[in-house]
Amino acid sequence: MAFSSRHIFSDVRGAFPCEALALLSPNSVTQNFPRSVRAARSSWSRSSFKRSRNRSQADFVASTARSGDKPTVRDSNEDRALADVILDAADDREELGVIDMECELVDPDGLLDQLKILKSVDVDGVMVDCWWGIVEAAAPQAYNWKGYRKLFQMVRDLKLKLQVVMSFHECGGNVGDDVHIPLPSWVTEIGKMNPDIFFTDRDGRRNSECLTWGIDKERVLRGRTAVEAYFDYMRSFRVEFDEFFEDGIISEIEIGLGPCGELRYPSYPAKHGWEYPGIGEFQCYDQYLMKSLKRAAELRGHSFWGTGPDNAGSYNSRPHETGFFRDGGDYDSYYGRFFLNWYSRVLIDHGDRILALANLAFEGSCTATKLSGIHWWYKTASHAAELTAGFYNPSNRDGYAPIAAMLKKHETALNFTCVELRTLDQHEGFPEALADPEGLVWQVLNAAWDVSIPVASENALPCYDREGYNKILENAKPRNDPDGRHLSAFTYLRLSPVLMERLNLMEFERFVKRMHGEAVSDLQLRAE
């Protein structure tokens, strides 16, 4: 669904505090795609972490009050291709979740007031997580959409647009999660009898955040495969909200493909003790993925390769401490290359299966998916944290090009994180992490642009200061790109009481105008 290139959107999260988003729609990127592309997920920090653990949210507010710099303002004609800004309406208090576990609106009047505020600042739409654990909570194929229908009607009455996330994962247990939405109860009951339906690490610890990709084609969900369960859910949504599609209210569907809705393995779960900048662990030790690995090893003619690495360390290891990830380590051996090829191929095949069915369920609608920005250890040879997450991207291989090619096959937009992070700041906070968010962003953006798919992005951390906003603008439209390529969308996280403070809101409004391509004079910010 194409719409004007001068829009602002907002994201409302079902049963989860809504975040703030920004959407761009440059003609140069989306010639063959509808302009309404991309949106965001539900926590401000999924795969990128604080520049310094000693920096608090209050520090960001203070830096806003101090920001009196005069950033370069581009000519308005140059910025005219920059388009939409989405704002995700959020409050950080759990009790103000939008949809409860009974699929009812929690505070309709308060939500309506919030949406009216967003409308008054020219937000064009909202983004909503439709949680599998709420809608299909009680029994297979017993769908309850009533709260979402009320929410969508409210959005339509205000003449706003909708971007909807198919959220097949658990909410809770990660950085930024302040509510808990489990998987459907009938799924967790199956998991008690058969815990191998969940991702599993080498020590046998299960992660119930989402289902292992090993059961994509296994009939272990009361006669259905995981892929069939996802498809039935998406098809039910499409039928239930047909008029919203036909009227153009729903402009895009984001497909959740893994933990936090991202296409990755749950390799760094806080619930298992992971802390930044640990390398994480491989998550392939459920019986279904192990069967796949053994089969691949036998086909290769080396059946003894049918096990995971035994020298890859633990969640909080550093690359140099392991035999697998150290420079010259086993990751680049014959076995290591076989294993990492298989591990990353499982990820790509999962995305391929689900997106094929998503396009069938939502034929004619824009689809998108989200990729996490795992920037720590990027300046090492092995890129260990990316490897455990399923991105086969060591220094001698481009691990994102195959993912971009898969997304291109389904004409699916890519949403990527951490465009506001500066490599220098990462070095100041955690110099030992050898992080390079700027290098990672550039690699991923170019992998997608090379196959001509729309690329969206979002900030990984709360951002209230001009320095952060300017970094976002810099990445949104690189100045020196000879082809004039830039993001198709940007997701700003998040609208909150802190953002609504006077000085912070002034900076945000300035950012929105610049994202829309307007020439904005410097705002002289003075502390009250």
Do [X] and [Y] pair up side chain to side chain, a donor and an acceptor below 3.5 Å, judged on atom types alone?
X	Y	answer
Tyr315	Asp201	yes
Ser236	Trp145	yes
Ser185	Thr188	no
Glu102	Asn144	no
Tyr265	Asn207	no
Asp436	His375	no
Asn316	Glu275	no

Give a yes or no on whether the backbone of [Y] and the side-chain of [X] come within a donor-acceptor separation of less than 3.5 Å.
X	Y	value
Asn341	Arg337	yes
Trp449	Leu487	no
Ser372	Ile374	no
Asp203	Arg205	no
His350	Trp213	no
Trp377	Leu434	no
Ser395	Ala381	yes
Thr225	Arg219	no
Ser251	Leu162	yes
Thr212	Ile197	no

Taking the basic N atoms (NZ, or NE/NH1/NH2) and the acidic carboxylate oxygens, is any pair closer than 4.0 Å for [X] and [Y]?
X	Y	answer
Lys161	Glu252	no
Arg238	Glu246	yes
Arg206	Asp196	yes
Lys291	Glu218	yes
Asp450	Lys408	no
Lys192	Glu189	yes

For residues [X] and [Y], determine if any side-chain heavy atom of one lies less than 4.5 Å from a side-chain heavy atom of the other.
X	Y	value
Leu355	Leu407	yes
Val128	Tyr148	yes
Ile453	Thr412	no
Thr367	Glu254	no
Phe325	Thr380	no
Glu228	Leu221	no
Ile403	Leu347	yes
Phe391	Leu340	no

Which is it for Ile181 and Glu170 under the side-chain contact (heavy atoms from CB on, under 4.5 Å) test, yes or no, and what are the steps along the way?
-> CA-CA 6 Å; Ile181 303 171; Glu170 173 187 77; over 6 Å; no
Test side chain to side chain donor-acceptor pair (under 3.5 Å) on Ser292 and Trp342 and set out the steps.
-> CA-CA 9 Å; Ser292 170; Trp342 168 81; 3.0 Å; yes
Applying side chain to side chain donor-acceptor pair (under 3.5 Å), run through Asp352 and His410 and close with a yes or a no.
-> CA-CA 8 Å; Asp352 188 32; His410 302 291; 2.5 Å; yes
Could you note down all residue pairs passing salt bridge (charged side-chain N to carboxylate O under 4.0 Å, His left out) where residues 130-149 supplies at least one of them, sequence neighbours left out?
-> Glu104-Lys146, Glu136-Arg224, Arg149-Glu240, Arg149-Glu243
Distance (rounded to the nearest 0.5 Å) between [X] [atom1] and [Y] [atom2]:
X	Y	atom1	atom2	value
Thr200	Phe198	OG1	CZ	9.5 Å
Ile253	Cys366	CD1	SG	9.5 Å
Cys284	Met290	SG	CE	6.0 Å
Ile354	Asp216	CD1	CG	5.0 Å
Phe324	Tyr331	CZ	OH	10.0 Å
Glu386	Arg264	CD	CZ	13.0 Å

CA sep, side-chain torsions, deciding dist, call: His169, Trp132, ring-ring contact (aromatic ring centres under 6.0 Å, His included) | CA-CA 7 Å; His169 61 284; Trp132 188 28; over 10 Å; no
NZ or CZ of Arg397 within 45° of Tyr400 ring axis and under 6.0 Å | no
If you draw the axis of the six-membered ring of Phe282, does the NZ or CZ of Arg202 fall within 45° of it and under 6.0 Å from the ring centre?
-> no
With side-chain contact (heavy atoms from CB on, under 4.5 Å) as the test, would you mind laying out the steps for Val98 and Val106 before giving the verdict?
-> CA-CA 6 Å; Val98 177; Val106 174; over 6 Å; no
Taking all atoms of both residues into account, what is the closest heavy-atom pair of Ile348 and Pro402, and its distance?
-> CD1-CB, 3.6 Å
For the ring pair Trp376 and Tyr276, is the centre-to-centre distance below 6.0 Å?
-> yes
Indicate, with yes or no, if the rings of Phe339 and Tyr343 have centres closer together than 6.0 Å.
-> yes
Would you sort out whether Asn415 and Glu262 count as a side chain to side chain donor-acceptor pair (under 3.5 Å), showing the intermediate values?
-> CA-CA 9 Å; Asn415 183 28; Glu262 299 167 341; over 6 Å; no
Go through the steps for Phe168 and Trp131 under the test ring-ring contact (aromatic ring centres under 6.0 Å, His included), then give the verdict.
-> CA-CA 7 Å; Phe168 297 113; Trp131 294 97; over 10 Å; no
Show the numbers, then the answer: is there a side chain to side chain donor-acceptor pair (under 3.5 Å) between Glu281 and Tyr268?
-> CA-CA 7 Å; Glu281 291 191 22; Tyr268 47 96; over 6 Å; no
Please report the C-alpha distance between Lys271 and Glu209 in whole Å, then the side-chain angles of each, then the deciding distance to 0.1 Å, and finally whether the salt bridge (charged side-chain N to carboxylate O under 4.0 Å, His left out) criterion is met.
-> CA-CA 10 Å; Lys271 66 178 72 174; Glu209 187 175 354; 5.2 Å; no
Test applied, side-chain contact (heavy atoms from CB on, under 4.5 Å); reference residue, Arg235; option that passes from Phe237, Phe231, Tyr233 = Phe231
